[in-house]
Number of protein chains: 2
Amino acid sequence: MLKLKTAAIEKISHKDYFNIALSVDCVIFSYQEKALKVLLIESDLKEFEGMHSLLGDLVKPGEDLDEAPYRVLQERTGLKDVYLEQVHTFGNVERHPSGRVITTAYFSLVDAKHSKLKLTHNDVAWHNVAGVNRLAFDHKMILDTCLQQLREKVMEHPIVFNLLPEKFSLRELQDLYEAILGIELDRRNFRKRITAKDWLVDLNEMEEDVPHRPGKLYKLRPGLKKTGRLLSGVEQKMAV
Amino acid sequence: MLKLKTAAIEKISHKDYFNIALSVDCVIFSYQEKALKVLLIESDLKEFEGMHSLLGDLVKPGEDLDEAPYRVLQERTGLKDVYLEQVHTFGNVERHPSGRVITTAYFSLVDAKHSKLKLTHNDVAWHNVAGVNRLAFDHKMILDTCLQQLREKVMEHPIVFNLLPEKFSLRELQDLYEAILGIELDRRNFRKRITAKDWLVDLNEMEEDVPHRPGKLYKLRPGLKKTGRLLSGVEQKMAV
DNA sequence: ACAAAAGTGTTCACGGTACACCCATGA
DNA sequence: TCATGGGTGTACCGTGAACACTTTTGT
C-alpha cells in the first residue's frame, strides 16, 4: 500500500525547494495607418538599454495565470474586456538576466483608435510589427510566435474585429487582413469568402467623408465577439 | 531620462516577492490493442486518493522548461528521444491543493510495445483514453486539451508514426488514425490521402503471420521523424 | 469453398483562385 | 471629365467524400 501524503505535508516539503519566477508577456496588437502595430515599452534593464520589450509583469501569488495578462492590459492601457489568447510558455534558464523567470505569452487585439486607450507611461508606444527587428530578452521570438498564431487563426475565427471600430467597410476589413497576413488578397474572392462565413451584418449605412464612392458599412454579427475571461484549454479550442 | 536598473538589482528586489511553483505534466500517449492509451499514475495525495493523475514533476532551478518533460519521460519510462510538444499552461490559483502550482502541459507519443519502455513504478499503467472519466487536479482538462491538439495536428503533420513500430501496414496506420480521431475512415480515401502526402516508403515487404491476405509494409520516409529536443515557439510552428 | 482483409477508380460537390468590367461619388 | 475605389459573376482546378468489386492468402 502506498503511503499517502496530505497536501499540507507536501506543501512543506516543497517550500523553498526552488524559486522560479513566473511572468506573463503580452503581445498587444492594434491596427493603425493600414499597418499592424505592437505595443512596446523601452526596457528598463541596463542589459537591454535602448531596446524595447513587450509589456509584462510577474504573476501575483493570488492571481490566476490567465488573469495576469488582463491586469497588465488594464494597467498599461486602461482597457478591460480585451481579446486575449494564451500562446506559449517560454522557459529557458538563461532567458532572463535577472534570474530564473519563466514567461507565458499572450496576444491581445485592441482597437487603439476608438477605445479609450490610455497609455500610462510615455515610454510605451506603438511600433509597426513589420519593422521590429530586435527586442529585449527573447521577446522577438515571442512576438514572432504570436504573429504566426494570429495568422493561422484569423481566417477561421472571427477575431480580427477586435482591431476595428464597430462599423467598418469591407475594404477596411480587407486592408486589415492584408496587413496581418502580409499578402495581397483579391477583392472579389475576399468578399465572397467573408460573406460566406456569416460573420457580418449589413448596417445599410455608408461610409462618409471619403474622397471616392463610399462603401457599405458592416458590423460583426452579435454573439461572435470573444472577449472577457479566457477559456482554458480544450474549451478554447472547442469554441467556434 | 529613465533610471535604469541592473539585472542584479532587479534580482534582489524580486527575491521573495512571491513563491509560485512550476511543474510540467506529460500526457503520454501510446497505441495498443487498437486503442489510444495514456500513461497514468495513482495519485499519492490524500485529497485525490484512488484517483489517477498524469506524470509530472516540478521544474528544477537549472533546467529549461522544455527539458523537464524529457526528464519526466526518461525517469518514468526509460525512454529518450521521444516526441514531445508543448500544449498549454494551466495556472488557476486553486488548481493544486498543496499551494500555488502552475503547470505546463506536454503531450508525448511513444511506441509502448516495441521500444524498451520500462515503467519504474508498478502504480504507473496504461489506460484507454476513451475510458478516462476523472483525474486528479485539473488533469482531465489537460488530457482533453492535449487530445484535441493531437487530433488537430495529426492529418497535417507526420507525428503518429511515433506510436507505431518502424514497419507497419496501411491498415495498421488507418486503425491508429481511427483510434485517435474517434471516427471511422473510408479505406480508399484514406490511402489516397496518405499516399498523396509522400510520407511513406514502400518497403516491398509483406506482413507475416496474419490469418488473411498480408498487406504491404511501409515505413516513414527518412528525415520526417521529429524527435529529440523541442523547437520553441515560431520554429515549432514553421516546421513542415 | 469460404472467410477475411488487401487493393483499386470514378463521380460529385464544394471551396479556392484567376480574372475584367461597369458604377457611384467627389474633386 | 476624371480619378478613385465600390461592387459584382463566371470558368477552372484541386481536394475531399461517397461508393463496390476483384484479388490474395490462410483455414
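All heavy atoms count here, side chains included; hydrogens, waters and symmetry mates do not. Just so it is clear, the model here is predicted, and its values are computed rather than measured. Protein chains get the first letters and strands the later ones, always in sequence-line order, with residue 1 at the start of each.
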Could you state the CG-P distance from N189(A) to dA20(C), rounded to the nearest angstrom?
-> 13 Å
How long is the line joining CG of D209(A) and P of dA24(C), in whole Å?
-> 21 Å
Interatomic distance, L173(B) CG vs dA6(C) P [rounded to whole Å] | 12 Å
Any luck finding a side-chain donor-acceptor pair between Y70(A) and D81(A) under 3.5 Å?
-> no
Measure from CZ on R187(A) to C1' on dC23(C) and round the result to the nearest Å.
-> 12 Å
Examine distances only and state if a side-chain atom of Q174(A) and a backbone atom of L185(A) form a donor-acceptor pair shorter than 3.5 Å.
-> yes
Distance, rounded to the nearest Å, where E156(A) contributes CD and dG15(C) contributes C1' | 12 Å
Chain B footprint on DNA chain D, 5' to 3' - any atom under 4.0 Å from a heavy atom = dA17(D) to dG26(D)
Atom CG of L170(B) to atom P of dA5(C): distance rounded to whole Å?
-> 16 Å
Have S53(A) and S43(A) got a donor and an acceptor in their side chains that come within less than 3.5 Å?
-> no
Nearest to side-chain heavy atoms of K192(A), which nucleotide of dG7(C), dA20(C), dT17(C) = dT17(C)
What about R193(A): does its side chain form a donor-acceptor pair under 3.5 Å with the base of dG16(C)?
-> no
OP1 or OP2 of dG9(C) less than 4.0 angstrom from a side-chain nitrogen or oxygen of R188(B), does that happen here?
-> no
Just by distance, with hydrogens left out, do D175(B) and Y31(B) show a side-chain donor and acceptor under 3.5 Å apart?
-> no
Whole angstrom value for the distance that separates P of dG7(C) from CZ of F190(B) | 13 Å
Any side-chain N or O of R213(B) under 4.0 Å from OP1/OP2 of dA3(C)?
-> no
Between the main-chain N or O of H88(A) and the side-chain N or O of Y106(A), is there a donor-acceptor pair closer than 3.5 Å?
-> no
Examine distances only and state if a side-chain atom of N162(A) and a backbone atom of I159(A) form a donor-acceptor pair shorter than 3.5 Å.
-> yes
Write down the distance between CZ (R191(A)) and C1' (dT17(C)), rounded to a whole number of angstrom.
-> 17 Å
Show every donor-acceptor pair shorter than 3.5 Å between a side-chain atom in residues 210-221 of chain A and any protein atom, with sequence neighbours excluded, or say none if there are none.
unit_1: K216(A); atom_1: NZ; unit_2: D202(A); atom_2: OD2; d: 2.9
unit_1: R221(A); atom_1: NE; unit_2: D198(A); atom_2: O; d: 3.0

DNA chain C: D186(A) or P214(A), which has the more 5' nearest nucleotide?
-> D186(A)
